[in-house]
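Working notes for the structure below.
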Number of protein chains: 4
Amino acid sequence: MSSVFGKNVKVSIFGESHGTAIGCVVDGFPAGVTLDRDLMECVLSRRRAKSDRTTTTRVERDEPEFLSGLKDGVTTGAPIAAIFKNENTRSVDYTGFENTPRPSHSDYSATMRYRGFSDYRGGGHFSGRLTAPLCLAGALCKMALRDRGVTVAAHLAQVGPLSDVYFDPAAITKRELEVMERLAFPAVDPEIAEEMKDLIRTAALERDSWGGVVECFATGLPAGAGSPMFRGVEPVIAGVLFGVPAVKGVEFGSGFAGSASRGSENNDPFRYDESGQVVTATNNHGGALGGITTGMPLVVRAAIKPTASISLPQQTVDLKQKRNTDIVVGGRHDPCIAVRAVPVIESAVAAALLDILLEGQQ
Amino acid sequence: MSSVFGKNVKVSIFGESHGTAIGCVVDGFPAGVTLDRDLMECVLSRRRAKSDRTTTTRVERDEPEFLSGLKDGVTTGAPIAAIFKNENTRSVDYTGFENTPRPSHSDYSATMRYRGFSDYRGGGHFSGRLTAPLCLAGALCKMALRDRGVTVAAHLAQVGPLSDVYFDPAAITKRELEVMERLAFPAVDPEIAEEMKDLIRTAALERDSWGGVVECFATGLPAGAGSPMFRGVEPVIAGVLFGVPAVKGVEFGSGFAGSASRGSENNDPFRYDESGQVVTATNNHGGALGGITTGMPLVVRAAIKPTASISLPQQTVDLKQKRNTDIVVGGRHDPCIAVRAVPVIESAVAAALLDILLEGQQ
Amino acid sequence: MSSVFGKNVKVSIFGESHGTAIGCVVDGFPAGVTLDRDLMECVLSRRRAKSDRTTTTRVERDEPEFLSGLKDGVTTGAPIAAIFKNENTRSVDYTGFENTPRPSHSDYSATMRYRGFSDYRGGGHFSGRLTAPLCLAGALCKMALRDRGVTVAAHLAQVGPLSDVYFDPAAITKRELEVMERLAFPAVDPEIAEEMKDLIRTAALERDSWGGVVECFATGLPAGAGSPMFRGVEPVIAGVLFGVPAVKGVEFGSGFAGSASRGSENNDPFRYDESGQVVTATNNHGGALGGITTGMPLVVRAAIKPTASISLPQQTVDLKQKRNTDIVVGGRHDPCIAVRAVPVIESAVAAALLDILLEGQQ
Amino acid sequence: MSSVFGKNVKVSIFGESHGTAIGCVVDGFPAGVTLDRDLMECVLSRRRAKSDRTTTTRVERDEPEFLSGLKDGVTTGAPIAAIFKNENTRSVDYTGFENTPRPSHSDYSATMRYRGFSDYRGGGHFSGRLTAPLCLAGALCKMALRDRGVTVAAHLAQVGPLSDVYFDPAAITKRELEVMERLAFPAVDPEIAEEMKDLIRTAALERDSWGGVVECFATGLPAGAGSPMFRGVEPVIAGVLFGVPAVKGVEFGSGFAGSASRGSENNDPFRYDESGQVVTATNNHGGALGGITTGMPLVVRAAIKPTASISLPQQTVDLKQKRNTDIVVGGRHDPCIAVRAVPVIESAVAAALLDILLEGQQ
């Protein structure tokens, strides 16, 4: 039991990189939400590989086919199932990794877990390709959230030494997020975006890769959503985010930087704003206190590790011959998976937030 | 539904800071584990307030009383319930916060969530005091893990500008962890420990507080535990850790630092060690790949925010009179809650790991 | 993970028959519900042993002690924990059953499950005594349901050849249920009640026992609660009911009798009643169609097996000496556990219904 | 969240009667199980409509298409997704029921639940057609159970006044179950089978329908599986069975009949059999005591209501015009859905049992 998350909205992900199809089932999704194909395409297109050498050259159309849960383009309340057919697979690229696990991939741990039965081709069920149905689920959740006045968007906050524009987390607006969620390359500052692309292309030429940080915001959240302790906003969101391949860190608000500061710096004073709403003057808490929303924007960052697939020679073991060996990972890879992780993080956060908001009022 | 976590071992936490008692129920705990009172006391004593001015002066004995699940000092497989009676409460300290929420506390969000019915005294169910039963549950899980060859220990890796000794995550040993888990003040380097204490005492005198970072390790894990995606090692652990009050960030292995690096730096080469075991030469992955253990030590860090309760004057709102106002938070507080969070993080990680290891073999 | 149920309201039961205390934690219970001690006592007193020779002579006061979740007699939204201290235990009665499992008790299966570590005294965690905290949780849920206009009550529909009064399930009223829930001996017809008592007392004298059927109703349910398939009204209620010791059958509406009938007999015509409400002319469906409430009264029956503990000589095995042997089960037992099961079934149904009603509107 | 069940093996069902496709995702299924197409076809063919006038005339090929989770015909441990394309739909048959809910169908309750957005065509997600993917999931679970020595089979124990052959639940054998699971018409006694068919055909001619009782057995279960209370064998199985459309009652062992008996009759003496195994002389308990298996055969019966769709004129309401009206339900229907429910009950029991057996040993 692993590829399922959610309590009120339950998302089940299935498929392998080189199988027939991948897809998802979204159970408990609200009835009466109109499918917005433009928003859906917006999320999916950001996850797709590009032909600008910042991503893998394995380009898939990734057109979802809906099997259930919709009637006349409107959700019925029944489970929504959708699939993406796999088209552009080159299993031959993966021949031979069966016994020589790729460093920092799941090949070795999965072999131990499934006693050799797991599908190693293209990472199988562990492939980043499985994030396509997660994005579809996320796009649906974004539609339901928009109906509730909530906007979620993410950007590529950092690649190697380069940082995107800083947003004041106490002041970020819905309008800024609506621009952010539509960026083809997901950095807000156009100059930084170009520098990031150059950095990534250079790494690709050097047969290497970069990690990055994705930052996600949500505006329009009511105060009082979420629950204390293990059903709080942070554990629910983190529980989904850490399920996304390559995520190795998650922080909310001032996060790790805040933990190096003093209370007098990190505490957020409560204030009434002009409209008579309770707000905080700063937003180091990132939108939730005691696991419960304050009504301030949600702020969460995810650390994405460098793409493990690099074409440089690497050391590994030969499990069959039980000796050390070298490996060169061929195939087509993303030199910086963080770029395409942006809509995935956005989707994971959207799904977690909808799950929290659908919690019965108590 | 909030104060419950776990799939195979289910821990339910209850109580309020100023109620009759706090406690926990641990359901699904293995039968046949002998209660080790020494280990239990070791965990609980590290969470207790000290009289050395590095913690609050509200000292509680925190002696757990077992209600069920044990027979002749051995677990029976039935749910284990235990309580801690509340003794040293000064509700008068909290009079008046009902309408003036303390900055960066849950007072405001909880009031919105529970329409004014929540118990605001001492933070009620949101109090850090609720971590005592979590530590008890963690101590029990540590016993069951030890029976399986797994050792879990945490230390205070950072307070403000001060860092504790660095451990090579590929080389850390069970023996080092057995020393670590017994430190009264939870920094390994004795000189750094003294500097940290001084820093904390100074903050207390200045009526301020510090945040910190807790780092936790586990050795002896088998390869092949955990599942892909949302039942992976990272999401399961993070889902518990973010349920601990004051945790605002979690990272595994090289975490956020790794996300600023290149694949050639961050990838961990597989090697056979002298005993014929597959290991990784470095441990930037932190013990799990694809959500599944590799057999390398688990490495996780949690960012603890500065104690929100500081005695300096702060800005807040008066919810009754609907205007801005000032507040001075009296009472007895920890100038650096990260100190006492160390056994809590250790406990949360232990509970999550046992939950993963008890997953049925498939 | 076993002694926990519920999705939105999570009830965790703990304790053993001969331990320090038994109790429950109710997590996710709505804030703002006033504790009605009269209603609570009403439920608990029906479960208590009587001195009229229809029950065991092990009488316990069963006074719950609340540990958390209440402030000034009103629920706070935090987990409600309560315990019952065990007072009247005679472990000596159970000496010797360790190796000679009592027929139709859990002694043998529990020994196999927990490798001999389970507490066999008085049935340990499997004891019917554990239904006391379930009744407490049920009483709380009945309070929250009453605030929502829902009334739940059960009666002893059958003991051996004797049947209580028949209620037309399409016409049963809230007023009838309010009478039903307060009956000391839980049969509605006073003459039948006396006959049932005589039957039970006779069985006791004969060192034997009777089974029985408990029937439970709920009025005031809205139409449209519950979900299709596995979160339907029937599976959710049955999942709790079958967790009650001694329940071996559950049926809704016309149940097994309906399955021997024809569609033209069993179908329930829809009609508008005088107040313009959609109702069904008959109520063979028992309140739910497709797992979702219709607004008609809920009707559910539970088959309670005869008390397994009888004082007649019985055949069993000696697990130590690995041979067949005989056994006489001493101690104090209920000659018809169905009598005291009535408030337990009522409580289980109430808890399941509240769980369903608190499902977030979608 | 409704169409998902299971803790260790999680089955998610999706689709509508008149949509593109229906299907399931089975998450947590063991790796290394060889797909047995013969066994799969055996289960699916029993659920298919026949051309012998005992079932609907809507015949579908119901060929599953696997999308994931298999490699070279062996399970990989990754989620198994499979779909059935819908082929033979006549939505026109259902035109007009939108406002005139069919008696004893989910039309009315679903409309209230989903505010008019649910797909009413052919029952939508509530259709009995959704049991096809449940049978597929069940067939997979039967394969995994067979690898563990467990055999599960069901038969049509009763239709109207006719009863199939009686099996002694203490003596039923694996061999008998292997015959039972392959019967085209699912009654074991050939003469009774013919009588049942005649009865059903007559009802069809009379535009009416019959209910029935399905009885399911499992042999080869180890002693000691399952957990007390709400994760016991009975609640887990019943929670799945009551999720099957048309199931209105479930009983284990002697069930309701046992509740009308005395302890001296209903108790099952323990005995050593010739092979030195602990057994019970009778099997009124039905395979589980205290929620935990005894090693005796599992015995469970499900009451199936008469098919709600009958072609006789019936009374209903017009929700649009808000008045009483009449309805004739056209379309193609099963005159006794219990016939085709047999492999569905078998599948539900198999899935629940595998879920229980995969529980981590504690």
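Just so we're on the same page: letters track the sequence lines, and every chain starts at 1. Model, not experiment: these values are computed from the prediction.
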Point to revise | Atom group of D:Ser261 that falls short of 4.5 Å from chain C, counting heavy atoms | key: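 When you check distances to chain C, atoms from both the backbone and side chain of D:Ser261 fall under 4.5 Å.
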**Study point:** Under 4.5 Å from any heavy atom of chain C - which part of D:Thr325
**Key:**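 Backbone of D:Thr325 only, per the 4.5 Å heavy-atom cut-off to chain C.
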Shortest non-hydrogen contact from [X] toward [Y]:
X        : Y        : value
C:Gly263 : D:Ile310 : C-CD1, 4.0 Å
C:Val4   : D:Phe230 : O-CB, 3.6 Å
C:Arg113 : D:Gly226 : NE-O, 2.6 Å
C:Asp268 : D:Pro103 : O-CB, 3.6 Å
C:Ala203 : D:Arg262 : CA-NH2, 3.9 Å
C:Gly258 : D:Pro306 : O-CD, 3.4 Å

Using a 4.5 angstrom heavy-atom cutoff, name the option from [options] with the most pairs to chain C.
options                                : value
D:Gln158, D:Gln314, D:Gln315           : D:Gln315
D:Asn266, D:Leu130, D:Thr111, D:Leu134 : D:Asn266
D:Leu319, D:Val236, D:Val300           : D:Leu319
D:Pro269, D:Gly291, D:Gly276           : D:Pro269
D:Gly211, D:Pro101, D:Ala303           : D:Ala303

When rounded to the nearest 0.5 angstrom, what distance separates [atom1] in [X] from [atom2] in [Y]?
X        : Y        : atom1 : atom2 : answer
D:Arg102 : C:Phe270 : CZ    : CZ    : 10.0 Å
D:Lys305 : C:Asn284 : NZ    : CG    : 9.5 Å
C:Ser227 : D:His125 : OG    : NE2   : 9.5 Å
D:Asn267 : C:His105 : CG    : NE2   : 7.5 Å

Practice item. Please confirm whether the backbone N or O of D:Val317 pairs with a side-chain atom of C:Arg271, one donor and one acceptor, at under 3.5 Å? Key: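 Looks like no, no N/O pair under 3.5 Å.
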**Study point:** Polar side-chain atom of C:Ser259 near backbone of D:Val213 as donor-acceptor pair, under 3.5 Å
**Key:**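 Flag not set: sc C:Ser259 to bb D:Val213 has no pair under 3.5 Å.
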With chain D as the partner, which of [options] has the greatest number of non-hydrogen pairs under 4.5 Å?
options                                : result
C:Ala223, C:Ala110, C:Ser264, C:Gly160 : C:Ser264
C:Val278, C:Val159, C:Leu162, C:Thr294 : C:Val278
C:Gly212, C:Gly255, C:Pro222, C:Cys336 : C:Gly212
C:Glu265, C:Arg207, C:Glu206           : C:Glu206
C:Val233, C:Ile304, C:Ile327           : C:Ile304

Which atoms of [X] approach chain D - backbone, side chain, both or neither, heavy atom under 4.5 Å:
X        : answer
C:Leu312 : side chain
C:Thr307 : backbone
C:Arg323 : backbone
C:Asp273 : neither
C:Ile13  : side chain
C:Tyr272 : both
C:Thr293 : backbone

Using residues 239-251 of chain D as the side-chain source, report each donor-acceptor pair under 3.5 Å to any protein atom, sequence neighbours left out, with the distance given to one decimal.
| unit_1 | atom_1 | unit_2 | atom_2 | d |
| --- | --- | --- | --- | --- |
| D:Lys248 | NZ | C:Glu234 | OE2 | 2.9 |
| D:Lys248 | NZ | C:His285 | O | 2.8 |
| D:Lys248 | NZ | C:Ala288 | O | 3.1 |
| D:Glu251 | OE1 | D:Phe256 | N | 2.8 |
| D:Glu251 | OE2 | D:Arg301 | NE | 2.8 |
| D:Glu251 | OE2 | D:Arg301 | NH2 | 3.3 |

Review point. Which is it for D:Thr280 and C:Tyr108 under the side chain to side chain contact (heavy atoms under 4.5 Å, CB included) test, yes or no, and what are the steps along the way?
Key: CA-CA 11 Å; D:Thr280 59; C:Tyr108 173 68; over 6 Å; no
